Every structure is written in C-alpha cells, then in structure tokens.
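Remember, predicted model here, so these are calculated numbers, not experimental data.
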Amino acid sequence: MQEALDSEKFKRCSLQGLSQKATDPIQQLFLDKIREYKSKSAGGKLVEASPEIEREMKTELEKLEKQYGGGSGVDMTAFPTFKFEEPKLDPIDEPKATDKKK
C-alpha cells in the first residue's frame, strides 16, 4: 500500500515539474542554446560551416552521386521507378494423361 502511495506522489511531482518553466539557470541556458541552434540550422544547412567544410561536403556528395548513378539533372531524392517486363517462357511438352498412368 505504501509503495502505491509513493509511486503516486512521484508521478504527481514529475508532472508538476514538466508543466513549470525551467527555473534552473543551467537548464534554461541549455534550452536557449537549443532554440538558437534551431534558428541557425533552418533550411537544412550546416551550422557555422567554414568554406573548407562546405567544399568537403560537396565533394563527398559528388562521390555519392557517381557511386549510385546520380548526376546532373537526376533527382536523387525521388523514389526510383521500376520497369518489369514479362519473361518469355519456352513451352514445355507436358506428358499426356495416359503416360502418367503407366
């Protein structure tokens, strides 16, 4: 019985902590940095990347395009289209029903 009461108190305290604003200065600093990073990384760009890093990323993406069949004008983000042709089968002479009985 006591364990159930302790568990209920713990749940109540945890939920109250989630609904309040961060009062710890370290926690608030962390949240501020996360928000700042989110605003800087808009558009899928690297955050505070140097020109050297940008060049390196470009060369790596070019390697991937060559390796996986991309290139200029090819949308590598689109789902590939598959074209399946019906295979040509040679007719097989099946034995007649009378041959099976023998």
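Residue pairs that meet the salt bridge (Lys or Arg N to Asp or Glu O under 4.0 Å) test with at least one member in residues 49-60, sequence neighbours left out, are Glu60-Lys63.
With sequence neighbours left out, Glu48 forms a salt bridge (Lys or Arg N to Asp or Glu O under 4.0 Å) with Lys40. Judged as a salt bridge (Lys or Arg N to Asp or Glu O under 4.0 Å), and not counting sequence neighbours, Lys66 has no contacts.
Atom CG of Leu64 is separated from atom OG1 of Thr59 by 10.0 Å, given to the nearest 0.5 angstrom.
Counting only heavy atoms from C-beta outward, the side chains of Ile26 and Phe30 never approach each other to under 4.5 Å.
In this pair, Phe82 and Phe79 present their aromatic rings perpendicular. The plane angle is above 60°, beyond the 30 to 60° band.
Leu46 and Leu61 end up in the same hydrophobic cluster when Ile, Leu, Val, Met, Phe, Trp and Tyr side chains are linked at under 4.5 Å.
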